[in-house]
Amino acid sequence: MVYDPQEIELRWQKEWSDAGVFEAEIDESKPKFYCLEMFPYPSGHMHMGHVRNYSIGDAMARFQRLMGKNVLYPMGYDSFGMPAENAAKKDGGHPNDVTHSNISSIRSDQERMGYSYDWRRFLATSNVDYYRWNQEMFLILNESGLIERRMAPVNWCVDCDTVLANEQVKNNRCWRCGLEVVQRDMAQWFVRMTEYSDELLDELDRISFPENVKAMQRNWIGRSHGAHIDFPVIDSDSLIGVFTTRPDTIFGATFVTLSPEHPLCEELCLGTEWEQQWRNLRDECAKMSEFERINMLKEKKGVFLGRHAINPMNGEKIPIYAGNFVVASYGTGAVMAVPGHDQRDFDFAKAYNLEIRQVLQENEELAPTSPPVRAFEGYGPMINSPVEGFDGLSGDDAKNAVINALEVKKHGYGTVEYRLKDWLLSRQRFWGTPIPMIHCKSCGVVPVPRENLPVELPLDVVFSEDQSGNPLESHNSFVQTNCPSCGGDAKRETDTMDTFYDSSWYFMRFCDAKNETSPFNREVVDYWMGDGVDLYIGGIEHAVMHLLYARFFTKFSRDAGMNEVGEPFSRLVCQGMLNAPAPYCVDCNSEYHVDNFDLDCPSCGKPLSRRQAKMSKSLGNTVSPEEMISRFGADTVRLFILFGANPEAGMEWSDSALEANHRQMFSLIDAVDSAVGLSDYPSDIDDWLMSRMRASQEKWIEVMSDVSLREGVMISHFEMLSDWNWYLRRGGRDRVTAMTFLKGWIPMLAPATPHIAEEFWRKVGHADILAKLVMPILEPNPGDTLVLALENFIKKIISSGRNLRTLAERHSDNEITKVVIQTSPQWKKDLASEAIKLHKDDFDFKEKGQSHVKSLEAFKDESTRGEVFQTWNSITIGGKKTRGRIHTWLDGEREIISKGINEAEVIKDNSDFIASALEVESVEVYVAGEGEDVGGKSRISFPLEPGIAFV
RNA sequence: GCAGGGGUACCCGAGUUGGUCAAAGGGGCCGGACUUAAGCUCCGGUGCUUAGUGCUUCAUGGGUUCGAAUCCCAUCCCCUGCACCA
């Protein structure tokens, strides 16, 4: 067969599409399987990361169809967002145009790969038929009390001219452009996601996410249990509320520290001699760069604010400081400082000469008099408590005792704090979903009534480079409207939504993508989303934000009665990184652009070596999918991607491996070619091939079900091919056997290489499309283990024979022409079957083996007694490093022995093959003792391990 | 610093409920068959040693065990995330 992947692949893609084989509808008679990939932002072309993501998903979708599942496998685009807006600005167009041309380009790339999407469910979040449901969801959120508008200091990126969410700020820099972020106070829209903090955290224990994702989410939610304690300020009505996880150290608090941004700071020191240094500290902290911050971490800095507070537990007067290490946004932005038991407070106290007091005992031996050199941060019994009833308590008892006392005195209470913040939803950008709210002078903020949705983005906006701010603000016909409640003049909200909002429920919309009356129908979503999306595949970069928002959305919509399920994704697979070689300097520990291959390090001048680095534009080590497809075809690229590494592992790009996978395609084609056109010619090896096929299929289904695609491909595209070649080599050439084998094998080729599999399927005479097939699951045959074991026996003889032959050549003066095989004598086999019988009943060979062998018939002959004993031992006990054979024989091997199968006969039946494999003219075989003991090998002969001599 | 994941032969990579493990599979390399030749395909070899034995190997050093790549302890190194979170 001539292999022209370009022709074959396009042809089958058209057939699939014409037949609509991937279109899924609800079918209660089948188990459903919802296979989903994180939908892409349409940025021009598909890159290799996409190829990997979708090749994994498509293989699983196709596999599950073969397994008879009703598979939902949709694709759409997360098409709102800044790149389109920026591109429009640059070229003076509209983001809508840019977006649509990008979508059609990436879609055609995906189609060229042959992914089996149900394209009828296509959606793009920037299309009004999607985002109008964003607005509807927003109204529902609002009605559920989960929307809030409040002033907030926001992270502002001057360059991108936008607000950034906390999680879009990395080390005080914009995640997109890297510019330093500044703070600005604005009225903002929030989604009160923190209402669900506990459920989002607790349910992590029950869902099948990778450990690192769970860890990141736990970390992000950051729940900690502790106490809120109010410290009254002396000569003031103000209270300093602090949050602590260590109320058991309350008596060790020797000062209070506020974050420099804390509103109380100014109040306390205003107009005093302390004011200026506080202002200095605050300003310094506000504009610290990432680099400075990291250095600052080492040095605790602070200023006294000139005032004191009262420790409510012991009435003690303690100074109030502002400190650079207190985080304004966590807890209350104020801490009680316990230098004896917190290292940061300890460092601070050392620097400012404050009292360090130990109120927990570290261990009994340690003399409490010696001045401490560090804080003891562990738990221990309370000591030195100035109030009765606390000394001696430790851990949770101590904490609870303090919390109880605080609650009695009404100076505090036990509480829980979270690191998770409400979701800042609003963006001052054009290319997003307009927030459906109206500002009326008399009625305030009024939601847009449902019947007036959608609030559409105007298409008559012209973008240009020098433009700043949100073009919606200056678009009069958009802004000017009437108040829905009083009818008076009003203005539309011009903020749009964070694009993470769009991707927070798209998986439910996919279930019912064409619904024109609601975001989705409940029954439809309950069917497809039952137990969540069955397999969700995407990048680790969405571990926190997207996945957390999506989990939140599913819970909120569940509570709003829209769906049953509370966790959207039951199994998450995060595909590993794609790496490719890049120039690397060992000394500087840095990677350079591929232009520097074989040059010297640009910074230190030493010769560059190379190493694998994440594929990236900046290193230039990317590989173009289009180029690879045009050279090798989609099937080869898919095979390489799936066989190169398991989905979650990192993967190295290798041109030679890709070429090798392409050659593998030729091997497969050759194999199928050799199978068609055979005639009826049954032989003994037919059974073996059938047994192998059954075993392979069983194993394949097992590993594929577990998304171990690499192992699956190894079976379907490598092992089964080797089996076929072995079959041919062993003289197999039966038409019926070959056809049965192909019928079982070809479907297994489809998940990874669907086009060539279809081609094969048609070639062996099936008129129907393979993609429609539900694969018949083969029942294992009771004789399989024996058949496989017998063939294995031959293989082992050949492999040890080959090894021995090279050794024999050194010892032989003459040309080797013959192999003499002496199989195990009957008495050894008898010992072996005896041991197998005993082993089945858990006989204790160590304890009773010796006395047992002495009772056996074979032991009676004194001349062979020693040999019998030795054989018995190697069967049952084994030597120092090897266990007795009884433990290592496989089921089939035990069967050969206990059924008394004649090894010599088996070898004789295959002697031609053995002779050719061992490159000898003839094979002589007999049971040891029944012929000449050539080379003294009869002693070595053992059940299943005959003595082999070359002469 | 904290958390998660790792370190396996020339390279990638499987194997981690202890024995069937000198360790799957692939790449590369070497050799053979086929072919006029190339390509493609097929077969074999790829730690050292040896008529089937023995030795040294799974980051390093200890330990448990009759027996460890696999279990325990310590150390070193790499990746990823969070980072003064009270």
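Basis for what follows: all heavy atoms, side chains included, without hydrogens, waters or symmetry-related copies. Every chain is numbered from 1, with letters handed out A, B, ... down the list of sequences.
Among the protein residues, A:Arg885 comes within range of no part of the nucleic acid, since none of its heavy atoms lies under 4.0 Å from any strand. Among the protein residues, A:Leu890 comes within range of the nucleic acid bases, having at least one heavy atom under 4.0 Å from a base atom. Using a 4.0 Å heavy-atom distance criterion, A:Ile948 is classed as a base contact. Counting any heavy atom pair closer than 4.0 Å across all strands shown, A:Phe643 reaches sugar-phosphate atoms only and no base atom. In this structure, A:Met216 reaches the sugar-phosphate backbone alone: every heavy-atom distance under 4.0 Å involves primed, P, OP1 or OP2 atoms, never a base. Residue contacts shown for A:Val242 are absent, as no nucleic acid heavy atom lies under 4.0 Å away. Nucleic acid contact class of A:Gly947 (heavy atoms, under 4.0 Å, all strands): base. Residue contacts shown for A:Asp670 are limited to sugar-phosphate atoms, with no base heavy atom under 4.0 Å away. Among the atoms of the strands shown, none is found under 4.0 Å from any heavy atom of A:Ala671. Residue contacts shown for A:Pro946 include a base, since a base heavy atom lies under 4.0 Å away.
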Measure all distances between protein nitrogen or oxygen atoms and nitrogen or oxygen atoms of nucleotides 37-39 of chain B, and list the pairs falling under 3.5 Å.
none

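Two rings, from A:Phe718 and A:Phe643, have their centers less than 6.0 Å apart. Between A:Phe255 and A:Phe348, the ring centre distance stays below 6.0 Å. The six-membered or imidazole ring of A:His228 lies near that of A:Tyr413, with a centre-to-centre distance under 6.0 Å. Taking the ring centroids of A:Trp726 and A:Phe913, they lie under the 6.0 Å cut-off.
A distance of about 10 Å separates the C1' atoms of B:G15 and B:C58, rounded to the whole Å. Here the separation of B:C66 from B:G18, taken at their P atoms, is 15 Å to the nearest Å. Taking atom C1' on both nucleotides, B:C10 is separated from B:C29 by 9 Å, rounded to a whole Å. Taking atom C1' in both B:G5 and B:U49, one finds a spacing of 39 Å when rounded to whole Å. Distance check on atom P: B:G54 versus B:G1 gives 47 Å, rounded to whole Å. One C1' atom belongs to B:C77, the other to B:U53, and the distance between them is 38 Å to the nearest Å. Distance check on atom C1': B:G6 versus B:G13 gives 14 Å, rounded to whole Å. Comparing the C1' positions of B:A83 and B:A74 gives a spacing of 27 Å, expressed to the nearest Å.
Considering only side-chain atoms of A:Thr245, the nucleotide from B:A86, B:G25, B:U41 that sits closest is B:A86. For A:Ser656, whose side chain is taken as the heavy atoms from C-beta onward, the closest listed nucleotide among B:U50, B:G27, B:A86 is B:G27. Closest contact between the side chain of A:Arg729 and the listed nucleotides B:C43, B:C85, B:G4 involves B:C43. In this structure, the nucleotide among B:U50, B:C84, B:A86 sitting nearest to the side chain of A:Lys300 is B:C84. Which of B:G5, B:A83, B:A24 sits closest to the side chain of A:Glu211 comes down to B:G5. Closest to the side chain of A:Arg810, from the set B:U50, B:C84, B:G44, is B:U50. Taking only side-chain atoms of A:Ala808, from C-beta outward, the nucleotide of B:G44, B:C85, B:A51 with the closest atom is B:A51. Among B:G25, B:A86, B:G52, the nucleotide with an atom closest to any side-chain atom of A:Ile940 is B:G52. Comparing atom distances between the A:Thr888 side chain and each of B:A86, B:G19, B:G81 picks out B:G19 as nearest. The side chain of A:Glu652 lies closest to B:C12 when the candidates are B:U41, B:G4, B:C12.
In summary, A:Lys350 and A:Asp347 do not engage in a salt bridge, as defined by a charged side-chain N under 4.0 Å from a carboxylate O. Under the 4.0 Å criterion applied to side-chain N and carboxylate O atoms, A:Glu659 and A:Arg663 are not assigned as salt-bridge partners. Note on A:Asp248 versus A:Lys399: no salt bridge recorded, every NZ/NE/NH1/NH2 to OD/OE distance being 4.0 Å or above. Ion pairing between a basic and an acidic side chain is recognised when a charged N comes within 4.0 Å of a carboxylate O; A:Arg223 and A:Glu417 show no such pairing.
Atom CD1 of A:Ile221 is separated from atom C1' of B:C82 by 14 Å (rounded to the nearest Å). For A:Glu541 and B:C82, the CD to P distance is 12 Å, given to the nearest whole Å. Taking atom CZ of residue A:Phe942 and atom P of nucleotide B:G52, one finds them 17 Å apart after rounding to whole Å. Straight-line distance from the OH atom of A:Tyr727 to the P atom of B:C43: 16 Å, rounded to whole Å.
Using a distance-only test at 3.5 Å, with no hydrogens or angles considered, no donor-acceptor pair links the side chain of A:Arg344 to the main chain of A:Pro339.
Within the structure, a side-chain polar atom (N or O) of A:His811 is placed less than 4.0 Å from OP1 or OP2 of B:A51. Distances shorter than 4.0 Å separate none of the side-chain N or O atoms of A:Asn219 from OP1 or OP2 on B:A3. OP1 or OP2 of B:C42 lies within a sub-4.0 Å distance of a side-chain N or O belonging to A:Ser667. Between A:Ser224 and B:A86, a side-chain N or O to OP1/OP2 separation shorter than 4.0 Å is present.
A donor and an acceptor atom never sit less than 3.5 Å apart when one is taken from the side chain of A:Lys214 and the other from the base of B:G4.
The partner of B:C42 is B:G32, by the rule that a Watson-Crick or G-U pair needs both atom distances under 3.5 Å. Under the Watson-Crick and G-U wobble criteria, each requiring two contacts below 3.5 Å, nucleotide B:C76 is paired to B:G7. Searching all strands for a Watson-Crick or G-U wobble partner of B:C2 with both distances below 3.5 Å returns B:G81. Base-pair partner of B:U53: not found among the strands shown (Watson-Crick or G-U wobble, both distances under 3.5 Å). Across all strands shown, B:U16 remains unpaired; no Watson-Crick or G-U wobble contact has both distances below 3.5 Å.
If you find the closest nucleotide of RNA chain B to A:Thr244 and to A:Phe718, the one lying nearer the 5' end belongs to A:Phe718. Judged by closest nucleotide on RNA chain B, A:Ser799 is the one of A:Ser799 and A:Leu807 placed further toward the 5' end.
Nearest heavy-atom pair across A:Gly302 and A:Tyr352 is N-OH, 2.9 Å.
For A:Ser656, the side chain to side chain donor-acceptor pair (under 3.5 Å) partners two or more places apart in sequence, or in a different chain, are A:Ser654.
Both the sub-6.0 Å distance and the 45° axial angle are satisfied by A:Arg885 relative to the ring of A:Phe942.
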